[in-house]
Trainee: 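Let me give you the structure first, and then I'll get to my questions.
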2 protein chains.
Amino acid sequence: MIESGELAVPPATVARLPHYLRALRALRALRDLQADGVRTTSSSELADASGVGSAQLRKDLSYLGSFGTRGVGYDVASLTTVIAGALGLEVTHRLAIVGLGNLGHALANYSGYSKRGFQVVALLDVAPGIVGTQAAGGLVVEHADDLEKVVERESVSMAVLATPGPVAQAIAERLVSAGVRDIPSFAPVALQLPEDAVVRSVDVAGELQILAFHAAARAAAASAANA
Amino acid sequence: MIESGELAVPPATVARLPHYLRALRALRALRDLQADGVRTTSSSELADASGVGSAQLRKDLSYLGSFGTRGVGYDVASLTTVIAGALGLEVTHRLAIVGLGNLGHALANYSGYSKRGFQVVALLDVAPGIVGTQAAGGLVVEHADDLEKVVERESVSMAVLATPGPVAQAIAERLVSAGVRDIPSFAPVALQLPEDAVVRSVDVAGELQILAFHAAARAAAASAANA
DNA sequence: TAGATTGTTAATCGATTAACAATC
DNA sequence: TAGATTGTTAATCGATTAACAATC
């Protein structure tokens with residue numbers, strides 16, 4: 001359970017809240033298009049749009065409170081507000097991106113941050129050819145040596161790790177010392193950090209390998225069927 | 001459980017195999033550097049390097065078979081082979097990337113595929129300014145209208161979805177019809193596909209929002225402590 | 001033999017699902 | 001009132017962890 005004020009929300013539920021938020025926004029766009037006055041949704045409609053079961057959706061929402069009307073459903077707009085609020089998206093999170101290789105650049109150029117409650121306020125790297133250049137949104141890439149200074153100056157609250165694996169651990173430690181506790185990491189290493197730091201690792205190569213396992217399983221099943 | 005030939009491996013275990021593989025390779029590099037003749041590792045060393053507990057590592061390995069020596073540990077090289085084999089990485093998986101925006105480009109330019117058992121064989125998009133241009137590895141971007149043709153010609157076995165959300169569902173359906181069953185998706189939608197398709201969704205914005213939840217929880221705890 | 005470390009068992013814990021009473 | 005749909009309970013299922021016998 002993750003305690004948040006009065007609330008205790010299981011991690012698996014927290015991980016699904018963004019899906020619900022996304023589905024709700026899509027649903028709202030749809031409702032606006034249809035302009036038929038319907039402003040509500042049901043747990044089964046929202047669950048379908050989110051890719052989960054309706055029982056799971058209702059159970060997840062129950063950890064946040066009670067927002068529906070029996071026999072009617074949920075008001076799309078107000079449920080959106082509830083979930084966005086639970087996710088802490090009413091404040092704008094100030095983001096630094098560390099490491100501007102392929103992926104770092106793509107992340108820096110992503111345009112959907114502001115709509116989702118985030119703002120990129122700093123870019124950091126060490127390569128002489130990159131430091132000092134202007135990247136996305138007019139930000140100038142600063143040297144990672146100045147990490148602490150930049151975190152302080154820009155009130156960075158989250159930092160995306162997009163460095164090569166070998167330097168990720170050292171950078172992560174400096175981030176945590178500088179007060180940055182929330183770290184989305186694309187570096188292919190298991191970071192060892194103090195308990196109060198929260199790391200979410202995204203491993204693209206790992207995802208491909210998981211799919212490769214399924215492909216191999218399918219191949220094995222097919223050849224067994226042929227034998 | 002995911003049946004693979006004789007094996008039945010729980011999904012949670014499958015998802016960790018890439019971590020073990022990564023840690024084993026790092027360990028092997030370390031061993032080569034030290035050149036002290038040690039060629040083994042223990043479940044606790046490997047677990048630490050993978051960011052899991054040693055009991056969990058041993059349990060996970062037990063689903064694949066029995067590869068260690070009691071009192072000694074695991075041979076790094078042969079355990080690497082076992083896990084790579086279980087993941088189906090002895091065959092090269094032929095990858096198409098659909099959608100060459102920010103993220104698609106970054107994925108196309110990623111250089112680590114071959115080392116991990118993958119090869120990018122096709123790039124697809126619809127934008128007139130992008131189709132026909134040369135991107136990573138000398139590949140020419142082809143039009144997504146020709147998706148079925150390209151899948152067939154290049155024997156594509158996996159396709160990375162990096163398109164905008166609204167077109168992802170249609171593209172995914174065409175991929176599955178064309179015989180592509182394994183789909184890593186970066187599109188922010190819940191894809192509705194037949195059972196035999198396997199989709200792994202990577203949602204960067206969602207990861208940030210999960211961290212935002214933790215930040216909000218921390219803030220709530222801090223203000224409670226001050227009251 | 002003594003020490004180390006695996007592979008497995010059994011207990012615990014957490015997540016999912018089905019079912020339904022409450023209630024609009 | 002009848003029909004619909006929530007919020008919650010209880011059952012099931014799966015994943016994690018600790019402990020230890022087996023064995024090098």
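Since we're looking at a predicted model, the values are computed, not measured. Below, chain A is the first sequence line, B the second, and so on; all start at residue 1.
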Trainee: Please name all residues satisfying side chain to side chain donor-acceptor pair (under 3.5 Å) with B:Asp182, sequence neighbours left out, ordered by chain then number.
Mentor: A:Arg218
Trainee: Quick one: is C:dT5 close enough that its OP1 or OP2 comes under 4.0 Å of any side-chain N or O from B:Ser42?
Mentor: no
Trainee: My understanding is that only residues two or more places apart in sequence, or in another chain, count here; which of them pass salt bridge (charged side-chain N to carboxylate O under 4.0 Å, His left out) with A:Arg58?
Mentor: none
Trainee: Given pairs defined as Watson-Crick or G-U wobble with both distances under 3.5 Å, what dot-bracket annotation applies to DNA chain C, with ( ) intrastrand, [ ] crossing, | other strand and . unpaired?
Mentor: ..||||||||||||||||||||||
Trainee: Tell me the closest heavy-atom pair linking A:Pro18 and A:Ala15, and the distance in Å.
Mentor: CD-O, 3.6 Å
Trainee: Separation of A:Leu46 atom CG from D:dT5 atom P, in whole Å?
Mentor: 14 Å
Trainee: Provide, to the nearest angstrom, the distance between the CG atom belonging to B:Asp75 and the P atom belonging to C:dT6.
Mentor: 13 Å
Trainee: Mind checking salt bridge (charged side-chain N to carboxylate O under 4.0 Å, His left out) for A:Arg16 and listing every partner two or more places apart, or none if nothing turns up?
Mentor: A:Asp60
Trainee: What string of B, S and - do you get for nucleotides 19-24 of chain C, 5' to 3', when a contact is any protein heavy atom under 4.0 Å?
Mentor: B--BBB
Trainee: Using the salt bridge (charged side-chain N to carboxylate O under 4.0 Å, His left out) criterion, which residues pair with B:Glu173? Sequence neighbours excluded.
Mentor: none
Trainee: Among residues at least two apart in sequence or on other chains, which ones pass side chain to side chain contact (heavy atoms under 4.5 Å, CB included) with A:Val156?
Mentor: A:Ala96, A:Val121, A:Val151, A:Glu154, A:Val180
Trainee: Quick one: A:Leu57 CG to D:dG7 P, roughly how many Å, whole number?
Mentor: 10 Å
Trainee: Holding to side chain to side chain contact (heavy atoms under 4.5 Å, CB included), I want the full list of residues that pass it with B:Ala23, two or more places apart in sequence or in another chain.
Mentor: B:Leu46, B:Ala49, B:Ser50
Trainee: Between C:dT8 atom C1' and B:Leu64 atom CG, what is the distance in whole Å?
Mentor: 15 Å
Trainee: Which nucleotides of nucleotides 9-16 of chain D have their base under 4.0 Å from a protein heavy atom (B), which only their sugar-phosphate (S), and which neither (-), written as one string 5' to 3'?
Mentor: B-----SS
Trainee: Within this structure, what is the CG-to-P distance between B:Leu61 and C:dT6, rounded to whole angstrom?
Mentor: 9 Å
Trainee: Please name all residues satisfying side chain to side chain donor-acceptor pair (under 3.5 Å) with B:Glu90, sequence neighbours left out, ordered by chain then number.
Mentor: none
Trainee: Among residues two or more places apart or on two chains, list those pairs meeting ring pair (Phe, Tyr, Trp, His ring centres under 6.0 Å) that have a residue in residues 184-220 of chain B.
Mentor: none
Trainee: If you assign A:Gly53 and B:Gly65 each to the DNA chain C nucleotide with the nearest heavy atom, which residue ends up on the more 5' nucleotide?
Mentor: B:Gly65
Trainee: Where do A:Met1 and A:Tyr63 come nearest, in terms of heavy atoms and distance?
Mentor: CE-CE2, 4.3 Å
Trainee: Which pairs with one or both residues in residues 92-120 of chain B pass ring pair (Phe, Tyr, Trp, His ring centres under 6.0 Å), sequence neighbours excluded?
Mentor: B:His93-B:Phe118, B:Tyr110-B:Tyr113
